[in-house]
J.: 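Could you have a look at this structure, given as structure tokens, before my questions?
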Amino acid sequence: MFMFSRSICCAKLNQLSTFETLFSNLKLRPYATPLIGPLQTCESRIYREKAEYANVNWDELGFALTKTDYMYVMNITEEEQKFFNGTLTRFGNIEMCPSSGILNYGQGLFEGLKAYRKEDEGILLFRPQENALRMKIGADRMCMPSPTVDQFIDAVKKTVLANKRWVPPYGRGSLYVRPLLMGTGRNLGVKPSSDYTFLVYASPVGNYHKGDLNLMVEDNVRRAIPGGTGGIKAVTNYSPVYKPLTEAKAKGFSDLLFLDASTGSNIEEGSACNIFILKGNVISTPTTHGTILPGITRKSIMEIASDFGYQVEERAIPIKEVFDAEEIFCTGTAMVVKSVASITYQGKRIEYKLGAETLAQKLHATLTGIQTGLIEDKLGWTMLID
């Protein structure tokens, strides 16, 4: 009996020795951190997995494409009538017929939203259902089928989680998510496409404008016309402003401020952002009546500003009102909230208040606090996905 007990004891010691040898040779990943002190056995060793990050210099991120790992693709054909069975695939080029609707007639929409890293390294989406609904409105205008709200959000979630190592660390950027809806069927004549593709890809991004925001009022080219597509995110809305935008940037301006097509006397929006002006306790922004994109950041800022006690109004804003505004700021998914440093109109330059005490900075801090989980989300805007 003594010899039998001794054999069991030796066997356990040998087993423990084997575990110790394995752990001494094991190189733990730097983001695997023990939760309790010195651990002697395998059973008592517990780890919390910290986020794994891609090899990116997060502090140098601008607003440009960084290729990530995966994209999401979902197709619909003329026979199917609805989207189903989307899949994740490696990020890369796609094949398309030369006569497809998107290439020949610009039948396409896109959306833009962001995923943010929390302090505890969880991941939040900001109001994705709003993007899904806006795409549905745009798809109806462009005579396209669209994914359901649930399909849209599911595709965005899967894309973000598949690329979660590309979501920047807390406070050092965000993962920009770009859903696309395109007519991809073979079309030679002018008519809606027969087939469509819904695709979602993502890229880590930093600030859209890193310096001061200096706007020039565009007095000749109009971004949108009544009855057109200015109120949706049609792909054809953007390239027509490239020429005046390029010319403005060559003169040292950051962006353009467009006027309305009907009178040429009211401000509308920038090339990719909405605009607000502050006078006293009143914040004004141009009405979205079909020529101005109803921005989701715009909508959120209006609600936050109202909670701050400001009177927020949507109305036609004559260009002359920028001359005596106390503060002007722009909003957008890419830009978030940013103070305007100056506006130049017909050779006259007006400069505005900047700095930590501006309303724009306070709105930015509140919005990004909600987006990153630093401030409690009492409005149900964020969606935890990791």
Side-chain angles (χ1 to χ4, degrees), residues 71-84 86 94-113 127-156 159 176-201 221-242 258 260-261 268-274 287-299 332-334:
M71 60 186 185
Y72 183 94
V73 181
M74 185 162 57
N75 295 300
I76 180 175
T77 65
E78 193 170 23
E79 294 76 27
E80 292 166 342
Q81 299 298 313
K82 63 181 181 179
F83 285 103
F84 67 97
I94 59 174
E95 189 173 291
M96 196 176 297
C97 179
S99 70
S100 63
I102 182 68
L103 295 179
N104 289 256
Y105 302 112
Q107 192 187 19
L109 298 162
F110 72 89
E111 277 296 327
L113 64 158
R127 307 190 79 171
Q129 64 276 14
E130 293 287 336
N131 296 90
L133 290 169
R134 190 169 65 181
M135 176 169 274
K136 289 184 73 66
I137 293 169
D140 182 67
R141 174 65 179 84
M142 299 290 284
C143 206
M144 306 168 75
S146 64
T148 66
V149 171
D150 287 343
Q151 286 176 324
F152 182 101
I153 294 175
D154 181 64
V156 168
T159 304
Y176 184 84
V177 184
R178 172 60 61 83
L180 291 166
L181 181 60
M182 306 173 287
T184 47
R186 299 173 181 178
N187 254 19
L188 191 58
V190 180
K191 62 180 181 178
S193 181
S194 56
D195 302 342
Y196 295 88
T197 297
F198 175 65
L199 185 150
V200 185
Y201 68 93
V221 176
R222 301 291 181 255
R223 178 190 172 274
I225 60 171
T229 58
I232 62 172
K233 286 189 78 70
V235 298
T236 50
N237 288 352
Y238 296 85
S239 57
V241 307
Y242 287 174
F258 291 94
D260 72 300
E268 290 213 321
E269 61 181 330
S271 61
C273 58
N274 296 118
T287 306
T288 57
H289 47 59
T291 57
I292 297 172
L293 185 74
I296 295 162
T297 306
R298 171 186 180 274
K299 181 179 180 179
T333 298

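Predicted, not measured: the structure shown is a model, and the values here were computed from it. One is the number of the first residue; the rest follow in order along the sequence.
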J.: Give me each pair satisfying salt bridge (charged side-chain N to carboxylate O under 4.0 Å, His left out) with a member in residues 140-151, each pair once, sequence neighbours excluded.
T.: none
J.: Under 3.5 Å, is there a donor-acceptor pair between the side chain of Gln129 and the main chain of Ile153?
T.: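 Not at all, since once roles are kept as given, no pair shorter than 3.5 Å links the two residues.
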J.: Glu269: what forms a salt bridge (charged side-chain N to carboxylate O under 4.0 Å, His left out) with it, not counting sequence neighbours?
T.: Arg223
J.: Show every salt bridge (charged side-chain N to carboxylate O under 4.0 Å, His left out) that has at least one partner inside residues 180-192, sequence neighbours left out.
T.: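 Sorted result for residues 180-192: empty, none.
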J.: Find the distance between CZ (Arg178) and CE (Met71) and round it off to the nearest 0.5 Å.
T.: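 Interatomic distance, Arg178 CZ to Met71 CE, rounded to 0.5 Å: 14.5 Å.
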J.: Could you list the residues that satisfy side-chain hydrogen bond (donor to acceptor under 3.5 Å, both in side chains) with Thr184, not counting sequence neighbours?
T.: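 So Thr184 forms a side-chain hydrogen bond (donor to acceptor under 3.5 Å, both in side chains) with Thr197.
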J.: Which atom pairs, donor and acceptor, lie under 3.5 Å between side-chain atoms of residues 105-113 and protein residues at least two apart or in another chain?
T.:
from	atom 1	to	atom 2	distance (Å)
Tyr105	OH	Leu188	O	2.5
Gln107	OE1	Ser193	N	3.1
Gln107	NE2	Met142	O	3.1
Gln107	NE2	Cys143	O	3.3
Gln107	NE2	Tyr196	OH	3.2
Glu111	OE1	Asn131	ND2	2.9
Glu111	OE1	Arg134	NE	3.2
Glu111	OE1	Arg134	NH2	2.7
Glu111	OE2	Arg134	NE	3.0

J.: Which residues pass the side chain to side chain contact (heavy atoms under 4.5 Å, CB included) test with Glu130, not counting sequence neighbours?
T.: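 In terms of side chain to side chain contact (heavy atoms under 4.5 Å, CB included), with neighbours along the sequence ignored, Glu130 is linked to Arg127, Ile296, Lys299.
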J.: Just wondering, do Val177 and Tyr72 contact through their side chains at under 4.5 Å, heavy atoms?
T.: no
J.: Can you give me the closest heavy-atom contact between Met144 and Gly183, atom names plus distance?
T.: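 Between these two residues, the closest heavy atoms are CE-N, 3.9 Å.
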J.: Looking at side-chain heavy atoms only, is the closest gap between Met74 and Val200 below 4.5 Å?
T.: no
J.: Looking at residues at least two apart in the chain, or sitting in another chain, which of them share a salt bridge (charged side-chain N to carboxylate O under 4.0 Å, His left out) with Asp154?
T.: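 Salt bridge (charged side-chain N to carboxylate O under 4.0 Å, His left out) check on Asp154 returns Lys158.
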J.: Can you name the residues that form a side-chain hydrogen bond (donor to acceptor under 3.5 Å, both in side chains) with Ser194, not counting sequence neighbours?
T.: none
J.: My understanding is that only residues two or more places apart in sequence, or in another chain, count here; which of them pass side chain to side chain contact (heavy atoms under 4.5 Å, CB included) with Pro226?
T.: Ala261, Ser262, Thr291
J.: Restricting to non-hydrogen atoms, name the atom on Asn75 and the atom on Val73 that form the minimum distance, rounded to 0.1 Å.
T.: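 Nearest heavy atoms, Asn75 then Val73: ND2-CG1, 4.0 Å.
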J.: Apply side chain to side chain contact (heavy atoms under 4.5 Å, CB included) to Ala132 and list each qualifying residue two or more places apart in sequence or on a separate chain.
T.: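 Per chain and number, Ala132 pairs via side chain to side chain contact (heavy atoms under 4.5 Å, CB included) with Val149, Phe152.
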J.: Distance-only check: which donor-acceptor pairs under 3.5 Å involve side-chain atoms of residues 230-239, not counting sequence neighbours?
T.:
from	atom 1	to	atom 2	distance (Å)
Lys233	NZ	Tyr238	OH	3.1
Asn237	OD1	Thr229	OG1	2.7
Asn237	ND2	Thr229	O	2.7
Asn237	ND2	Ile232	O	2.8

J.: Could you check if a side-chain atom of Ser271 sits within less than 4.5 angstrom of a side-chain atom of Phe258, using non-hydrogen atoms only?
T.: yes
J.: Within the side chain of Asn274, is there an N or O that forms a donor-acceptor pair under 3.5 Å with the backbone of Leu293?
T.: yes
J.: Can you check whether Ile94 reaches Met182 side chain to side chain, under 4.5 Å on heavy atoms?
T.: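 Sidechains of Met182 and Ile94: in contact.
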J.: Taking side chain to side chain contact (heavy atoms under 4.5 Å, CB included) as the definition, give me every residue that meets it alongside Ser100, ordered by chain and number, with sequence neighbours left out.
T.: Met96, Ile102, Leu103
